[in-house]
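Contents: one structure, followed by commentary.
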Amino acid sequence: MSAKLVVGTQWGDEGKAKIIDYLSGEIDYIVRYQGGANAGHTVKVKDETYIFHLIPSGILYPDAICVIGNGVVLDPTAFESELDSLKERGIDAFHRVMLSETCHIVLPLHRTIDEAREAQAAGKKIGTTKRGIGVSYGDKVTRIGLRLGDLLETGYLKERLGHILEIKNAEITRIHGLEKIEFNELYESLLAFGDRVRPIVKNTSFELNRALGRGKSVLLEGAQGTGLDIDFGTYPYVTSSNTTTGGAIAGSGISFQYLKDVIGICKAYVTRVGEGPFPTEIHGEAGEHLRKLGHEFGATTGRPRRCGWFDTELIRHAARVNGLTGIALTKLDVLSGYDEIQIGVAYKRNGERLDAFPGMLENVEVEYESMPGWKQDISAARSLSDLPAPCRAYIERLQELSGVPISFVSVGPGRDDTIVV
Ligand code: GDP
Ligand code: IMO
Ligand code: MG
């Protein structure tokens with residue numbers, strides 16, 4: 001059996017969860033492989049809206065098993081509150097969730113440091129979600145992280161946490177001028193969390209490969225997007241994980257040979273939350289207009305998203321880096337009503353066209369092409385032939401420019417508002 005991967009191709013919030021939910025009906029395992037509670041994944045089913053931060057978006061299907069892979073940074077508080085809010089809505093998710101024994105833990109102190117670093121960075125802040133993501137991944141890489149499996153061994157946890165707090169408390173007090181973290185309270189809460197989740201902590205790489213070998217299907221759920229990838233994004237204005245295909249393999253531990261489909265989720269325009277370069281950004285009132293049309297406010301932090309026109313270089317970059325086999329074009333309905341729609345078709349620097357999305361976006365200018373818009377509401381369309389001609393032409397042009405087949409077109413937030421091409 002094969003695995004499918006869904007990745008963001010822009011700067012996050014492309015509508016990944018809407019497509020993941022659409023695809024999950026026929027999937028046995030849905031897996032988050034990177035990121036943490038910085039993600040905000042919205043699923044709309046009839047009149048109900050769910051926003052997932054850690055639990056994979058497939059959880060609404062009663063037979064789906066949802067996996068938090070080794071590449072995720074798991075915040076116990078965020079995880080428990082997500083389980084609780086699902087329970088309040090009649091979904092008992094606990095026994096359908098599997099947690100990797102080697103995923104790293106986001107400690108409260110990671111959130112504190114994230115917030116302090118942002119506050120102290122003045123004009124240089126990243127605009128993080130303040131969920132402690134970068135600090136937790138930093139500790140993972142510098143080998144002072146705590147893993148979920150560590151919480152299951154009383155003696156080991158005591159020793160390990162003691163060592164970690166010695167280092168982190170020096171940072172907290174000396175650099176950030178904050179109160180030191182007391183050992184006991186943190187130790188007790190981690191121990192209690194470990195005890196609660198013990199039955200669902202697994203070697204998820206082993207479980208997934210075994211399931212695939214037995215003919216089960218797996219859907220890997222990317223968080224964030226290619227522009228936020230630690231290596232391929234607009235560094236330093238990125239998140240702290242590999243959001244792209246390589247990260248999906250490293251963060252889930254499935255054999256790459258199982259991976260057959262990589263679907264890139266791509267908004268019909270572009271948005272970005274937080275700081276960092278955004279070549280096709282629409283400034284001023286026109287940008288605000290698009291934000292209103294698309295209800296572009298962060299699903300995790302509520303921050304207004306910056307809005308811009310479709311960016312060909314960015315999608316071509318995403319196609320290369322991820323090995324996209326198909327694109328799901330989302331939020332096309334939002335563009336209804338424009339007389340003209342702009343498409344960023346190339347990047348230039350000092351008047352010369354660039355070959356590709358560059359490592360640094362400084363001084364990049366965008367060359368635009370304009371296409372006629374359409375006035376009709378397209379949200380009821382269920383096949384390409386239901387769409388007005390200029391809208392079909394826009395889809396065809398985007399496909400041509402990106403060099404990847406557009407396999408899905410989304411015309412609304414609901415499960416059914418989807419055209420399969
Ligand atoms: P994700 O992080 O990539 O899963 O995306 P978010 O959930 O953060 O943001 C996408 C937003 O757009 C959510 O509010 C979705 O309900 C909504 N959405 C997704 N697809 C469509 C679409 O085709 N049309 C419209 N109008 N809204 C959509
Ligand atoms: P989903 O999965 C959009 C952005 C933050 C900030 C940068 C670093 O819903 O698409 P971090 O907290 O990760 O250290 O912040 O990354 N960011 C996102 N932007 N969608 C997301 O997730 C994001 N997760 C992080 O705004 O610019
Ligand atoms: Mg989101």
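Both counts, for ligands and for their atoms, begin at 1 and track the order of listing.
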Sub-4.0 Å heavy-atom contact, [X] with ligand 1:
X	value
Glu14	yes
Gly412	yes
Arg305	yes
Val411	yes

At under 4.0 Å between heavy atoms, what of Arg272 touches ligand 2? The answer is neither

Using a 4.0 Å heavy-atom threshold (strictly under), name the region of Arg303 that reaches ligand 2: side chain, backbone, both or neither. side chain

Option of least heavy-atom distance to atom 10 (C) of ligand 1 (set: Asp13, Thr271, Asp333):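 Nearest option to atom 10 (C) of ligand 1, by heavy atoms: Asp13.
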
Which is closest to atom 22 (O) of ligand 2 by heavy-atom distance: Lys125, Gln224, Arg111, Arg131?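 Nearest heavy atom to atom 22 (O) of ligand 2 lies in Gln224.
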
Among the N, O or S atoms that Asp13 has, which is closest to the Mg ion (ligand 3)?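 The closest N, O or S atom of Asp13 to the Mg ion (ligand 3) is OD1.
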
Can you list the ligand 1 atoms lying under 4.0 Å from a non-hydrogen atom of His41? 1 (P), 2 (O), 4 (O), 7 (O)

Closer than 4.0 Å to some heavy atom of Ser410 - which atoms of ligand 1 meet that?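 That gives atoms 20 (N), 21 (C), 22 (C), 23 (O) of ligand 1.
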
Which residue owns the protein heavy atom closest to atom 15 (O) of ligand 2, what's the atom, and how far is it? Thr128 CA, 3.3 Å

For Gly127, counting its heavy atoms only, list the atoms of ligand 2 lying under 4.0 Å from any of them.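 Checking each atom against Gly127, I get 5 (C), 6 (C), 26 (O), 27 (O).
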
Any nitrogen or oxygen of Ala17, side chain or backbone, less than 3.5 Å from one on ligand 1? yes

Give yes if a backbone or side-chain nitrogen or oxygen of Gly15 is under 3.5 Å from a nitrogen or oxygen of ligand 1, and no if not. yes

What part of Lys18, side chain from CB on, backbone N/CA/C/O, both or neither, has a heavy atom under 4.0 Å from ligand 1? side chain

